[in-house]
Amino acid sequence: MSLSTKYNPAETEDKWYKYWMDQGFFHSEPSSDKEAFSIVIPPPNVTGVLHMGHMLNNTIQDVLIRKARMEGKNACWVPGTDHASIATEARVVAMLREKGIKKSSLTRDEFLKYAWEWKEKYGGIILEQLKKLGASCDWERTHFTMDPDYYKAVIKVFVDLYNKGYIYRGLRMINWDCEAKTALSNEEVLYKEEGERSVLYSVRYKIKEKEEWVTIATQRPETIMGDVAIAVNPTDERYKHLVGKKVLVPFINREIPVIADDYVDKTFGTGCLKVTPAHDVNDYEIGVRHNLPVIDTINEDGTLNEKCELPKFFGKDRFAVRKEIVKDLREAGHLVKEEDFTTRIGRSERTNSVVEPKLSLQWFVKMKEISVRAKDSVERDEIKLHPAKFKNTYRHWMENVRDWCISRQLWWGHRIPAWYDEAGNVVVAETEAEALKQYKIQHPGSGIQKLKQDVDVLDTWASSWLWPIEVFKGFNEKYFKDGRIDRSQNADLKYFYPTDVLVTAPEILFFWVARMIIAGYEYMDEKPFNDVYLTGVVRDKLGRKMSKSLGNSPDALELIGKYGADGVRTGMLFSSAAGNDLLFDEKLCEQGRNFANKIWNAFRLVKGWEVAKQPQPEENKVAIEWFESKLNQSIGELEDHFTKFRISDALHTLYKLVWDDFCSWYLEIIKPEFGKPIDDATYQKTISFFEAILKLLHPFMPFLTEELWHELIDRKKEDCLIIAEWLKPKAFNEKLIAHCETGFEVVTQIRNARNSKGLSPKESLSLSVNGVSKEVDQFASVIKKLANLKSIEAVSEKPTNATSFLIGTREFYIPLEGKVDAAKEKEDLRKELDYNKGFLASVMKKLSNEKFVSGAKPEVVEIERKKKADAESKIKSLEERLTALG
RNA sequence: GGGUAUUUAGCUCAGCUGGUUUAGAGCACUACCUUGACAGGGUAGGGGUCACAGGUUCGAAUCCUGUAAUACCCACCA
């Protein structure tokens with residue numbers, strides 16, 4: 001057969017993916033005879049496209065799921081997508097804007113119709129891209145967080161938490177766009193990096209009780225009519241005497257107290273802060289701490305209202321008022337100082353107007369009580385984080401957990417199931433009819449027939465935190481009763497929950513992972529997963545985060561086209577220890593592709609041999625015995641890496657096994673002379689080694705390995721590698737491996753000698769050893785073949801006219817009549833001598849230290865003594881050889 | 001500002017409970033080789049006072065303290 005010298009991924013990838021799908025290898029149903037192994041995918045944004053982060057993340061999941069499948073487990077990887085309210089809504093809004101349609105000109109229903117159209121059009125793209133990567137997801141179980149059932153589940157949970165008393169309404173500062181008259185999410189507020197120029201005004205307020213003034217600094221003098229206190233730092237000696245006194249607000253002369261609060265920075269401005277809870281987030285929090293009233297002086301459109309008490313400002317824009325009031329303050333002698341100042345001002349992404357902090361009623365989840373078990377389970381390692389360093393981060397967050405604001409001022413998402421009457425009385429219920437029913441019970445005789453539903457939607461995480469439960473339909477009314485899920489009737493949940501591993505990015509440890517754990521304990525009475533593998537962030541090679549605006553994110557599908565899915569997968573895993581950022585460089589993919597090609601060519605070599613019934617050469621027997629041991633040693637290492645989720649290390653182990661041990665040593669030993677056949681016994685063994693390697697590599701490189709699995713020997717097509725049996729580590733001969741390594745070292749030294757003497761590998765040499773060496777004896781045939789030797793003989797006399805090397809304490813000589821450069825030889829020997837003398841000195845330093853000899857463990861001292869003896873004997877031998885050279 | 005990490009070869013990183021030759025790998029680099037699997041290859045080689053300063057110890061890349069840089073998360077300056 002004639003095979004290309006290069007592996008061509010394009011020919012195999014689609015073919016095998018389709019075949020695996022057709023055979024239903026990815027699908028799994030609960031079964032009684034198999035152990036379950038399940039993973040739920042971190043659902044990517046429904047309208048997203050595959051980026052490098054997804055590639056890394058999903059490759060790791062696929063490696064884990066494929067290995068489990070081969071281990072005979074019932075492997076279930078549930079895929080799906082997230083509605084991602086903010087991101088998706090922003091994209092739909094942008095799309096409409098391009099068409100010249102403003103969101104504000106649409107009704108909610110009209111907007112949602114566009115959004116759903118958008119979702120239908122782009123929603124499946126990312127999942128199709130995952131298939132190109134080789135992801136072996138159970139596609140029959142694909143979910144979307146706004147599927148009808150999922151939607152219902154989210155609503156049910158809201159109602160349930162409300163009824164349990166975990167959900168409440170509270171005031172919160174939101175970002176308000178006065179021009180668009182709409183709330184903005186944090187993501188829609190932009191800050192100029194260099195800040196904006198502004199003026200810091202120092203304004204004095206009169207103390208009521210005496211003829212003394214207190215001066216505060218503010219950027220927003222137009223808000224002073226909303227002041228409810230003056231705050232100073234409790235440790236500030238300058239103002240201690242004023243705490244508890246009353247101060248008069250300029251112009252309106254309202255009395256406000258002077259209070260002490262740690263928040264105040266003594267060194268900023270005058271050290272006095274005016275407290276305006278309605279118009280500043282921090283002031284609001286101070287207000288809460290000190291039980292201060294809230295005076296909201298600004299309307300939705302940014303004009304001042306009657307609460308500011310000064311009729312000349314009613315209905316005037318806040319910036320116009322600022323100008324006027326500065327003038328008034330100056331004239332009245334209140335303005336002490338004006339200075340230029342650079343500050344961060346938030347502007348609306350939509351209108352570029354200055355964002356106004358505005359208090360509004362939002363929905364919150366009380367976190368303290370509901371998160372206790374989630375905190376403890378990670379603390380006690382019931383859920384293990386990999387790498388474990390994230391435990392600290394997790395603990396810190398859970399101990400300082402804040403209540404979770406779950407309402408968002410958007411339309412795309414799960415609409416909050418709260419219903420209001422005209423007076424603002426609220427009922428929470430799954431449906432309007434149910435809400436009305438409850439309302440009538442709570443307000444008998446009101447006669448009201450129509451309630452208005454809350455306009456906001458829920459935070460995206462308030463739906464995705466149910467993901468590991470709801471992908472198995474846990475919140476269906478059949479199982480979800482009285483605030484708990486009874487899984488005894490739900491076969492999927494009973495079998496697949498808790499899932500085995502969650503693979504995700506550390507930046508969403510709190511947003512998502514922690515909350516899934518909370519939901520798991522609250523609704524399933526059990527953790528949602530056993531292990532959490534936190535990947536790193538994929539960055540470019542300069543260490544910058546990959547982003548669209550920087551344009552430094554390579555096109556994932558292009559990469560797959562260029563290097564093959566297997567090449568990209570292994571390339572990414574080569575340098576991605578858990579929790580470490582991955583500095584992505586296309587070179588990694590190149591390395592992955594080269595690896596695939598190396599395996600392909602090893603296959604070409606083996607496949608090209610003619611096989612004959614003939615005696616098995618001695619070196620082949622040795623090679624087989626050695627590789628068998630090496631293989632089993634590697635399987636053991638591999639297993640160890642997997643149990644510790646060191647996926648990158650696992651790949652390195654295989655890379656070495658294949659490239660160095662199998663290709664560079666094993667195949668080179670058994671390779672028959674050109675044109676000659678290989679003996680049957682060796683060939684059969686080689687095929688079985690190759691099969692073992694393909695199995696071990698399959699989770700990492702599914703396409704190439706499946707292809708070769710079928711090419712290597714004739715087998716039925718349905719007899720696929722993807723479902724072949726995984727290898728268990730077996731005992732191996734450690735001594736043999738060590739001895740063989742010594743043999744390889746002899747080969748290396750001979751090659752080295754050839755290199756430095758300029759001898760062709762084709763020129764046959766002789767080797768002399770002083771004394772008998774078991775290792776050399778055992779591997780004589782191997783050494784002869786690999787180093788191209790005529791003979792190996794034991795001698796007692798040191799040969800002259802020879803170059804020499806030392807392995808352990810044994811001397812080797814290669815007689816080279818007339819080719820020895822004595823000066824060069826001496827120089828080399830001297831270098832080695834220096835090294836060994838230095839080494840001996842370092843050992844002696846330890847051994848001559850009495851405290852070491854008496855203090856260290858006996859084994860350690862023994863090792864040092866052995867080192868000393870070895871070094872001494874080496875030095876002796878080197879010196880002798882130097883003398884011999886004259 | 002609070003928290004959590006990181007700092008080892010030109011680059012990316014291993015080095016797990018302190019001792020296992022005077023610190024390893026991959027990539028990059030250098031020299032040589034190459035018509036019989038693979039130049040996307042082979043053989044060999046050079047390259048590091050383990051960020052800095054102290055301390056603990058018979059012994060520190062490894063443990064402790066401090067300093068300096070960097071990254072991420074949280075909170076954000078009137």
Side-chain angles (χ1 to χ4, degrees), chain A residues 3 5-7 200 216-220 231 263-265 267-276 280-283 341 343-344 387 389-397 400 402 506-507 509-510 536-537 539 541 543 545 567 574-577 579-585 587-588 590-591 593-609 644 646 648-649 652 655-656 663-664 667-668 671 673-675 748 751-756 758 760-761 835-836 838-843 845-846 849-857 859-861 863-864 866-867 870-871 874:
Chain A
L3 287 167
T5 57
K6 285 159 195 166
Y7 166 59
L200 188 65
I216 57 92
T218 181
Q219 290 181 70
R220 303 199 57 191
Y263 172 76
V264 181
D265 179 352
T267 64
F268 191 93
T270 59
C272 293
L273 169 71
K274 77 187 202 58
V275 181
T276 322
D280 183 278
V281 182
N282 295 298
D283 290 16
F341 181 63
T343 186
R344 263 162 53 96
K389 66 178 179 190
F390 286 108
K391 230 174 120 171
N392 291 335
T393 321
Y394 182 88
R395 184 193 312 118
H396 183 256
W397 193 75
N400 300 289
R402 298 176 154 225
E507 63 239 50
L509 184 60
F510 311 129
V537 178
R539 300 168 176 282
K541 59 180 163 182
K545 229 170 167 168
F574 269 130
S575 80
S576 59
N580 272 5
D581 286 359
L582 171 79
L583 268 64
F584 183 79
D585 188 336
K587 271 210 182 98
L588 291 169
E590 229 173 87
Q591 201 188 338
R593 178 199 59 192
N594 293 354
F595 186 38
N597 202 47
K598 183 77 184 176
I599 299 162
W600 174 257
N601 277 294
F603 162 76
R604 281 212 311 145
L605 172 69
V606 172
K607 226 17 209 182
W609 287 332
K644 292 173 182 153
R646 291 163 166 253
S648 194
D649 291 346
H652 276 112
Y655 186 81
K656 267 181 73 91
C663 293
S664 298
L667 288 180
E668 289 299 331
K671 188 156 97 180
E673 261 180 79
F674 180 64
T748 299
R751 284 172 177 167
N752 193 0
R754 280 185 193 277
N755 237 340
S756 59
S760 158
Y835 173 88
N836 279 289
F839 177 63
L840 179 65
S842 83
V843 175
K845 210 173 130 196
K846 284 191 195 176
N849 181 343
E850 233 171 88
K851 282 181 182 166
F852 169 73
V853 180
S854 58
K857 280 185 273 180
E859 310 92 88
V860 176
V861 179
I863 289 167
E864 292 303 316
K866 174 118 193 344
K867 281 191 210 166
D870 281 3
K874 272 188 193 176

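What's counted below: heavy atoms across the whole structure, side chains too, no hydrogens, waters or symmetry copies. The sequence lines fix the lettering, A, B, ..., with proteins before strands; numbering per chain opens at 1.
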Comparing nearest nucleotides in RNA chain B, the 5'-proximal residue of the pair A:K671, A:N755 is A:K671
If pairing means Watson-Crick or G-U wobble with both distances under 3.5 Å, then the partner of B:C38 is none
Have a look at A:G608 and say if it touches a base, only the backbone sugar-phosphate, or nothing, with a 4.0 Å heavy-atom cut-off. nothing
Between A:R646 and A:D649, the two heavy atoms sitting closest are NH1-OD2, 3.0 Å
note: A:K851, atom NZ; B:G19, atom P; distance rounded to Å ~ 21 Å
Out of B:U43, B:G40, B:G19, minimum distance to the side chain of A:K6 belongs to B:G40
note: A:L509, atom CG; B:C73, atom C1'; distance rounded to Å ~ 10 Å
inquiry  = Below 30° counts as parallel, above 60° as perpendicular, anything between as tilted: where do the rings of A:F574 and A:Y655 land?
reply    = perpendicular
Requested in this report: Just call it for A:N597: base, sugar-phosphate, or nothing, with non-hydrogen atoms closer than 4.0 Å on any strand.
Outcome: base
Check your understanding: Say you pick atom P in B:C27 and the same atom in B:C16; how far apart are they, in whole Å?
Key -> 23 Å
The nucleotide from B:A78, B:G40, B:C58 with an atom nearest the side chain of A:Y263 is B:A78
The nucleotide from B:C77, B:A78, B:U22 with an atom nearest the side chain of A:V264 is B:A78
Quick note, A:R751 side chain, CB onward, closest among B:U4, B:U43, B:U22 is B:U43
Checking B:U21, B:U43, B:G15 against the side chain of A:Y835 (C-beta onward), the nearest is B:U21
Just to confirm, is there a sub-4.0 Å distance from OP1 or OP2 of B:G41 to any side-chain nitrogen or oxygen of A:N601?
-> no
From CD of A:Q591 across to C1' of B:C13 the rounded distance in Å is 12 Å
Would one find a side-chain N or O of A:R604 under 4.0 angstrom from OP1 or OP2 of B:G41?
no
Assign each of A:N752 and A:K857 the nucleotide of RNA chain B bearing its closest heavy atom; nearer the 5' end lies the nucleotide of A:K857
note: A:D649, atom CG; B:A14, atom P; distance rounded to Å ~ 8 Å
In whole angstroms, the gap separating P of B:A75 from CZ of A:R402 amounts to 6 Å
note: A:K656, atom NZ; B:C27, atom P; distance rounded to Å ~ 11 Å
In whole Å, measure the gap between the P atoms of B:A31 and B:U22 for me. 32 Å
Separation of B:C27 atom P from A:N594 atom CG, nearest Å, is 9 Å
Worksheet entry | OP1 or OP2 of B:A44 under 4.0 Å from side-chain N/O of A:T748 | yes
Using a heavy-atom cut-off of under 4.0 Å over every strand shown, decide if A:I863 touches base, sugar-phosphate, or nothing. nothing
When both distances are under 3.5 Å in a Watson-Crick or G-U wobble arrangement, the nucleotide paired with B:U6 is B:A69
Identify whether any heavy atom of A:V281 sits under 4.0 Å from a base atom; if not, whether one sits that close to sugar-phosphate; answer base, sugar-phosphate or nothing.
sugar-phosphate
_In whole Å, measure the gap between the C1' atoms of B:U62 and B:U56 for me._
13 Å
ask   = Quick check: does any side chain N or O of A:D280 sit under 3.5 Å from a backbone N or O of A:V275, one acting as donor and the other as acceptor?
value = no
Query - P gap between B:A51 and B:C13, integer Å - result: 15 Å
**Message:** Please determine whether any donor N or O and acceptor N or O are separated by less than 3.5 Å between the side chain of A:K598 and the base of B:C38.
**Reply:** yes
Item checked: Audit row: A:E590, A:K587, salt bridge (Lys or Arg N to Asp or Glu O under 4.0 Å) steps and yes/no -> CA-CA 5 Å; A:E590 229 173 87; A:K587 271 210 182 98; over 6 Å; no
Which of B:C58, B:A44, B:A75 is nearest the side chain of A:N849? It is B:C58
Rounded to whole Å, the CH2-C1' distance (A:W397 to B:U4) equals 15 Å
